[in-house]
A.B. asks: 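What follows is a single structure, and I will ask about it in a moment.
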Protein chains: 2
Amino acid sequence: MRRGILEFCIVSVLADKEIYTAGLIDSLKSADLIITDGTLYPMLNRLQKAKLLQYRWEESESGPPRKYYSLTTAGVEYLSKLDTAWQDMTASVESIRRGTESE
Amino acid sequence: MRRGILEFCIVSVLADKEIYTAGLIDSLKSADLIITDGTLYPMLNRLQKAKLLQYRWEESESGPPRKYYSLTTAGVEYLSKLDTAWQDMTASVESIRRGTESE
DNA sequence: CAAGCTACCTTGCGATACAAGGTAGCTTGC
DNA sequence: GCAAGCTACCTTGTATCGCAAGGTAGCTTG
């Protein structure tokens, strides 16, 4: 029941801060959204190819370098579209869920 | 961004009334959820095989007979699980969406 | 310098939803 | 009473999403 919504969550998190993969996974986990890196890497690459994300390499103090992602200008616009779509969809589902009155 | 949620909507509509395919499509359309019959028939058959839905044939006054679907007892229980899952998921997404405060 | 950890990425699979197309019952018009 | 059209059912093929599993390579630690 989660499909397509993960992308919205990821873009939302990136709106707040520059972050790399493990941090993204932790951010979502703290909201009870479990995601694996096998899901995340293809998504980040896809969004980056679509020019919605950018990244820079940053060295780590304890391991290999990390890709820190952030939104591009187009990514910010995309987020606002996703946000509108999210609100529309939840409103629609709520209207169904609450019962569409009797027949 | 809608994946998996349609099933929840369909089961929700069926909680209120016995209905056949075209009626379901209309109910969802009136909440701005567009779905085609090519999506709906496989889903109804799948839910029926899982014993969550039952149907009876009813003759029409103007055309071929129709399959009127309704929830089984198991379907009602399933709906309550979907409803809980829906509330959990929207709560999670809202907490992400509203900004997970600064780093 | 070897072993282990971390971070990146790919591949194969199952499930969802859509578009397009197909069958058959029923009514309508001639 | 038969052809044409509508309605209702269903199937097939395709794209995409998300996951599990597996793989490469840099960095640290003993």
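All chains are named by letter (A, B, ...) in the order of the sequence lines, taking the proteins before the strands, and each is independently numbered beginning at 1.
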A.B. asks: Can you hop from A:L47 to A:L40 via hydrophobic side chains spaced under 4.5 Å?
C.D. replies: yes

A.B. asks: Residues two or more places apart in sequence or in another chain: which of them pass ring pair (Phe, Tyr, Trp, His ring centres under 6.0 Å) with B:Y20?
C.D. replies: B:Y68

A.B. asks: Can you tell me how far P of C:dA17 sits from CD1 of B:I10, to the nearest Å?
C.D. replies: 8 Å

A.B. asks: Applying side-chain hydrogen bond (donor to acceptor under 3.5 Å, both in side chains), name anything that partners A:E58, two or more places apart in sequence or on another chain.
C.D. replies: A:R56

A.B. asks: Roughly how many Å is it from CG in B:L33 to P in C:dC18, rounded to a whole number?
C.D. replies: 10 Å

A.B. asks: Grab the CZ-P distance between B:F8 and C:dA15 for me, whole Å please.
C.D. replies: 22 Å

A.B. asks: What is the distance, rounded to the nearest whole Å, between atom CD of B:E7 and atom P of C:dC18?
C.D. replies: 13 Å

A.B. asks: Between the protein and nucleotides 19-26 of chain D, list every N/O to N/O distance that falls short of 3.5 Å.
C.D. replies:
unit_1: D:dC19; atom_1: OP1; unit_2: A:R2; atom_2: NH1; d: 3.0
unit_1: D:dC19; atom_1: OP2; unit_2: A:T39; atom_2: OG1; d: 2.5

A.B. asks: Do you reckon A:L52 sits in the same ILVMFWY cluster as A:Y41, going by side-chain contacts under 4.5 Å, direct or chained?
C.D. replies: no

A.B. asks: Taking all atoms of both residues into account, what is the closest heavy-atom pair of A:E18 and A:S70, and its distance?
C.D. replies: CG-CB, 4.0 Å

A.B. asks: Tell me whether B:W57 shares a hydrophobic cluster with B:L71, the cluster being built from Ile, Leu, Val, Met, Phe, Trp, Tyr side chains joined at under 4.5 Å.
C.D. replies: yes

A.B. asks: Distance check: side-chain N/O of A:R3 vs OP1/OP2 of D:dG18, anything under 4.0 Å?
C.D. replies: no

A.B. asks: Within the structure shown, what part of the strands sits under 4.0 Å from B:I25 by heavy-atom distance: base, sugar-phosphate, or nothing?
C.D. replies: nothing

A.B. asks: Reckon A:L44 touches a base, only the sugar-phosphate, or nothing at all at heavy-atom distances under 4.0 Å?
C.D. replies: nothing

A.B. asks: Go through D:dC17, C:dC8, D:dC9 for me and flag the one nearest to the B:Y41 side chain.
C.D. replies: D:dC9

A.B. asks: Quick check: does any side chain N or O of A:S92 sit under 3.5 Å from a backbone N or O of B:A31, one acting as donor and the other as acceptor?
C.D. replies: yes

A.B. asks: Main chain of B:I34, side chain of B:R2: is a donor-acceptor contact present, judged purely on distance under 3.5 Å?
C.D. replies: yes

A.B. asks: Does B:D83 have any side-chain hydrogen bond (donor to acceptor under 3.5 Å, both in side chains) partners at least two apart in sequence or in another chain, and if so, which?
C.D. replies: A:R97, B:Q87

A.B. asks: With a 4.0 Å cut-off on heavy atoms, is A:T21 in touch with a base, just the backbone sugar-phosphate, or nothing at all?
C.D. replies: sugar-phosphate

A.B. asks: Under 4.0 Å between a Lys/Arg side-chain N and an Asp/Glu carboxylate O for A:E7 and A:R46?
C.D. replies: yes

A.B. asks: Roughly, in whole Å, what's the span from CD in A:E58 to P in C:dA7?
C.D. replies: 12 Å

A.B. asks: Look at the side chain of B:T39 and the backbone N and O of B:I35, then say whether any donor-acceptor pair between them is shorter than 3.5 Å.
C.D. replies: no

A.B. asks: Starting from C1' on D:dA8, measure out to OH on B:Y55 and report it in whole angstrom.
C.D. replies: 14 Å

A.B. asks: In residues 78-92 of chain A, what residues come within less than 4.0 Å of DNA chain D, judged by heavy atoms?
C.D. replies: none

A.B. asks: Between B:E94 and B:R98, does a salt bridge (charged side-chain N to carboxylate O under 4.0 Å, His left out) hold up when you go through it step by step?
C.D. replies: CA-CA 6 Å; B:E94 286 295 334; B:R98 293 181 190 287; 3.3 Å; yes

A.B. asks: Nearest whole angstrom, please: distance from the P of D:dT11 to the CZ of B:R46.
C.D. replies: 14 Å

A.B. asks: Show me the dot-bracket string of DNA chain D, counting Watson-Crick or G-U pairs under 3.5 Å, with | for pairs to another strand and [ ] for crossing ones.
C.D. replies: ||||||||||||||||||||||||||||||

A.B. asks: A:D26 CG to C:dA7 C1': how many Å, rounded?
C.D. replies: 14 Å

